[in-house]
Amino acid sequence: LRNRFDAGLRQKAREMGVSYFNGLIDTISTSQDGFEVDFKRKEPYLPPNLTARFLVDASGRANAVLRQLKVERNFFEEQMAAFCWVNDDSEDTLTRVKTVKDGWWYSSVLPNKKRVIAFHGVSPVVAVFVRDSASFLREFAKSGTIETEFSVEAIFEAVQARDASVSKASEIFGQNWIAIGDAACAMDPITSQGIFHAIYTGIRGAEAIVQSLNGEKTALSNFSNAVARVFDTNQSLRMHHYTQELRFTENPYWKQYFK
């Protein structure tokens with residue numbers, strides 16, 4: 001699953017000589033050497049603080065670095081996601097998306113006879129699904145997204161909720177810092193661009209850092225402009241998808257796309 005993918009990336013980074021510390025940021029302050037990062041919990045394996053010549057916010061939607069730097073974030077239409085993983089012995093191997101009056105469902109098969117099921121909608125509906133797994137599976141079955149129906153016993157990780165709205169940092173670079181991935185701008189899951197966006201901005205961001213440290217004055221602004229173009233294109237694509245659904249335009253979820 002995703003956590004294994006992330007763990008594999010961290011392990012690869014260690015093998016390439018990257019020092020890895022797992023801790024929660026308490027404060028970030030500027031210093032003569034660039035930035036000084038202090039941690040909330042002083043675990044034995046953590047240094048008292050870290051100094052960095054250049055800072056990258058790769059913390060996703062948490063915006064751990066940008067919040068410390070007081071960078072504001074712009075949010076677009078409201079969207080939350082409720083999701084879970086189930087055991088699935090069916091032969092259906094297709095990825096499916098299905099719109100309903102309160103939002104849309106997504107389901108895809110995973111290795112080892114597992115399946116992910118996700119609903120995207122407004123907070124009140126998602127909250128009900130998180131509290132009541134049976135209701136979540138019942139509404140999924142009613143949607144007709146796939147033919148197979150699942151019982152609560154099929155769930156091997158409880159229904160969870162996450163923010164799935166589109167958002168963008170008001171700035172994604174500054175004096176010796178940049179933001180990449182969801183920290184820079186969080187895409188809508190409907191466009192399936194999250195991992196690609198993270199990898200793309202990671203590569204382009206690393207190139208921009210090297211260029212900037214080598215004296216290229218426009219490297220960071222060029223990076224910011226490239227990310228802005230990707231974001232604008234993605235926005236147009238997702239709005240094209242959403243405005244194709246004309247049956248539920250008065251529903252709170254869909255109405256926000258027809259302002």
Side-chain angles (χ1 to χ4, degrees), residues 1-7 24 59-64 73 75-167 182 186-195 238-239 241-259:
L1 300 179
R2 177 59 186 270
N3 59 337
R4 296 177 188 171
F5 175 76
D6 291 343
L24 296 175
S59 64
R61 293 173 182 267
N63 305 306
R73 195 164 190 87
F75 289 86
F76 297 80
E77 291 78 16
E78 178 191 357
Q79 181 167 253
M80 294 289 292
F83 59 93
C84 73
W85 295 271
V86 296
N87 294 304
D88 181 12
D89 292 324
S90 71
E91 299 299 320
D92 189 338
T93 59
L94 296 178
T95 295
R96 298 174 185 269
V97 174
K98 181 69 177 290
T99 58
V100 293
K101 67 180 182 66
D102 290 323
W104 56 277
W105 291 92
Y106 166 89
S107 187
S108 182
V109 69
L110 301 172
N112 301 318
K113 295 186 176 181
K114 309 294 184 186
R115 174 177 291 276
V116 61
I117 301 172
F119 172 81
H120 301 77
V122 292
S123 300
V125 179
V126 168
V128 171
F129 288 158
V130 172
R131 291 194 301 267
D132 186 354
S133 298
S135 173
F136 177 81
L137 293 177
R138 188 165 55 249
E139 290 301 316
F140 176 65
K142 284 172 57 178
S143 74
T145 306
I146 63 174
E147 293 182 0
T148 306
E149 296 186 15
F150 300 97
S151 66
V152 173
E153 289 71 27
I155 297 176
F156 66 91
E157 286 197 29
V159 178
Q160 303 172 46
R162 293 287 187 278
D163 174 29
S165 62
V166 174
S167 62
D182 281 357
M187 306 295 193
D188 193 311
I190 195 71
T191 62
S192 298
Q193 293 293 298
I195 293 179
R238 82 182 185 97
M239 292 305 292
H241 287 317
Y242 284 126
T243 53
Q244 298 302 300
E245 178 51 87
L246 302 175
R247 295 172 297 170
F248 314 119
T249 55
E250 294 305 310
N251 180 277
Y253 175 77
W254 295 101
K255 191 174 185 178
Q256 60 188 338
Y257 298 105
F258 291 88
K259 294 177 181 177

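If you're wondering where the values come from, they're calculated on a predicted model, not measured in any experiment.
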| How would you list, by chain and number, every residue that makes a ring-ring contact (aromatic ring centres under 6.0 Å, His included) with Phe119, sequence neighbours excluded? | Trp105, Phe129
| By ring-ring contact (aromatic ring centres under 6.0 Å, His included), which residues pair with Phe83, not counting sequence neighbours? | Trp85
For [X] and [Y], work out which heavy atoms get closest and say how close.
X	Y	result
Pro189	Ala164	CD-O, 3.6 Å
Ser59	Asn63	OG-N, 3.3 Å
Ala81	His120	CB-CD2, 3.8 Å
Ser151	Leu137	O-CD1, 3.3 Å
Cys84	Phe136	SG-CE2, 3.5 Å
Ala161	Val126	CB-CG1, 3.9 Å

The criterion is side-chain hydrogen bond (donor to acceptor under 3.5 Å, both in side chains); which residues satisfy it with [X], sequence neighbours excluded?
X	value
Asn87	Lys114
Asp182	none
Thr148	none
Ser90	Asp88

Distance check, rounded to the nearest 0.5 Å: [X] atom [atom1] versus [Y] atom [atom2]?
X	Y	atom1	atom2	answer
Phe76	Arg238	CZ	CZ	7.5 Å
Ser133	Gln160	OG	CD	10.5 Å
Phe140	Ile146	CZ	CD1	4.0 Å
His241	Tyr257	NE2	OH	12.0 Å
Phe248	Leu246	CZ	CG	10.5 Å

Taking only residues two or more places apart in sequence, or in another chain, which ones meet [X] in a side chain to side chain contact (heavy atoms under 4.5 Å, CB included)?
X	value
Gln256	Glu77, Glu78, Tyr253, Lys259
Val109	Thr93, Arg115
Ser167	Arg73, Phe75, Ala186
Leu94	Asp92, Arg96

| request: State whether the number of non-hydrogen atoms from other residues, nucleotides or ligands found under 6.0 Å of Gln244 atom CD is greater than 12. | output: yes
Using only atom types and a distance under 3.5 Å, with no angle test, would you say the side chain of [X] pairs donor to acceptor with the backbone of [Y]?
X	Y	answer
Ser107	Val116	yes
Glu245	Arg247	yes
Trp254	Tyr242	no

| query | With sequence neighbours left out, what residues match Asp163 under salt bridge (Lys or Arg N to Asp or Glu O under 4.0 Å)? | reply | Arg61
| note | The complete set of salt bridge (Lys or Arg N to Asp or Glu O under 4.0 Å) pairs with one or both residues in residues 138-150, sequence neighbours excluded, reads Glu139-Lys142
